[in-house]
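Okay, structure first, notes after.
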Amino acid sequence: QVQLVESGGGLVQAGGSLRLSCAASGRTFSRYAMGWFRQAPGKEREFVAVISWSGRYTLYADSVKGRFTISRDNGENTVYLQMNSLKPEDTAVYYCATHRRAYDSGTDRMTREFEYDSWGQGTQVTVSS
């Protein structure tokens, strides 16, 4: 099992930026795709972005495309989510998660929660208008 710890959340004004980090331990980080999801109050958790194990492939939700960038540092066992041009509707708890299959590069299939088997505790992002 892998342990995931998110950080970097906070309060920011609309139009601002934040960078979230997710540090992993307990499993060979570099073998697994990593995803970011978010859950706003009163809503279901939704997919935000995913990056393949190699870092070569990424996929974004339409709502964040062009504003958010996912990246990873396999040497540091960390995945990042750079969030620019933030909007009030980006307010949510953000979670990172580890994909359940090693060496899987099919990021187009990795938008659903059941594809992931380890989750962090989440970090709050609040965007004020």
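- To the nearest 0.5 Å, atoms SG (C96) and CD1 (I70) are separated by 9.5 Å.
- The shortest distance between side-chain heavy atoms of E89 and V127 does not fall below 4.5 Å.
- Without hydrogens or angle criteria, E6 side chain to Q121 main chain gives a donor-acceptor distance under 3.5 Å.
- Counting all heavy atoms, side chain and backbone alike, S129 lies closest to P88 at CB-CG, 3.8 Å.
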Expected list for residues 18-27: side-chain donor-acceptor pairs under 3.5 angstrom, two or more places apart:
{"from": "R27", "atom 1": "NH1", "to": "D117", "atom 2": "OD2", "distance (Å)": "3.3"}
{"from": "R27", "atom 1": "NH2", "to": "D117", "atom 2": "OD1", "distance (Å)": "3.2"}

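- Applying the disulfide bond (SG atoms under 2.5 Å apart) test to pairs two or more places apart or on separate chains, none has a residue in residues 100-129.
- In this structure the side chain of Y80 reaches within 4.5 angstrom of the side chain of D73, judged on heavy atoms.
- Annotation: side chain of R67 is not in contact with side chain of M83 (no heavy-atom distance under 4.5 Å).
- Closest non-hydrogen pair, L81 versus Y94, comes out as CD2-CD2, 4.1 Å.
- Apart from Y103 itself, the hydrophobic cluster it occupies contains W53, where clustering links Ile, Leu, Val, Met, Phe, Trp and Tyr at side-chain heavy-atom distances under 4.5 Å.
- S52 places no side-chain N or O within donor-acceptor distance of the main-chain N or O of S105, the cut-off being under 3.5 Å.
- Among residues two or more places apart in sequence or in another chain, the side chain to side chain contact (heavy atoms under 4.5 Å, CB included) test is passed with T111 by F47, L59.
- Scanning for side chain to side chain donor-acceptor pair (under 3.5 Å) contacts around E76 gives an empty result, with sequence neighbours left out.
- Between D104 and R109 there is a side-chain heavy-atom pair separated by less than 4.5 Å.
- The ring of F68 has its center no closer than 6.0 angstrom to the ring center of W36.
- Note that the OG1 atom of T98 and the CD atom of Q3 stand 9.5 Å from one another [nearest 0.5 Å].
- Contact annotation: the side chain of M34 never approaches that of V50 to less than 4.5 Å [non-hydrogen atoms, C-beta and beyond].
- Between Y116 and H99, the ring planes are perpendicular. Angles over 60° get that label, and only those under 30° would be called parallel.
- Hydrophobic clustering, with ILVMFWY side chains joined whenever heavy atoms are under 4.5 angstrom apart, keeps I51 apart from W119.
- Atoms OG1 and CD, on T91 and Q124 in that order, are 7.0 Å from each other to the nearest 0.5 Å.
- The shortest distance between side-chain heavy atoms of R38 and V125 does not fall below 4.5 Å.
- Here the side chains of Y60 and T107 are not in contact, with every heavy-atom distance at 4.5 Å or above.
- Remark: D108 CG to Y57 OH distance equals 11.0 Å, nearest 0.5 Å.
- Interatomic distance, D90 CG to S63 OG, rounded to the nearest 0.5 Å: 7.0 Å.
- Y95 is linked by a ring-ring contact (aromatic ring centres under 6.0 Å, His included) to nothing, counting only residues two or more places apart in sequence or in another chain.
- Across every non-hydrogen atom of A33 and M110, the tightest pair is CB-SD, 3.6 Å.
- Put simply, CD on E113 and CD on E44 are 8.0 Å apart, with the number rounded to the nearest 0.5 Å.
- At a threshold of 4.5 Å between non-hydrogen side-chain atoms, the residues Y32 and V2 do not count as touching.
- Salt-bridge annotation for D62 and K65: present, with a side-chain N of the basic residue lying under 4.0 Å from a carboxylate O of the acidic one.
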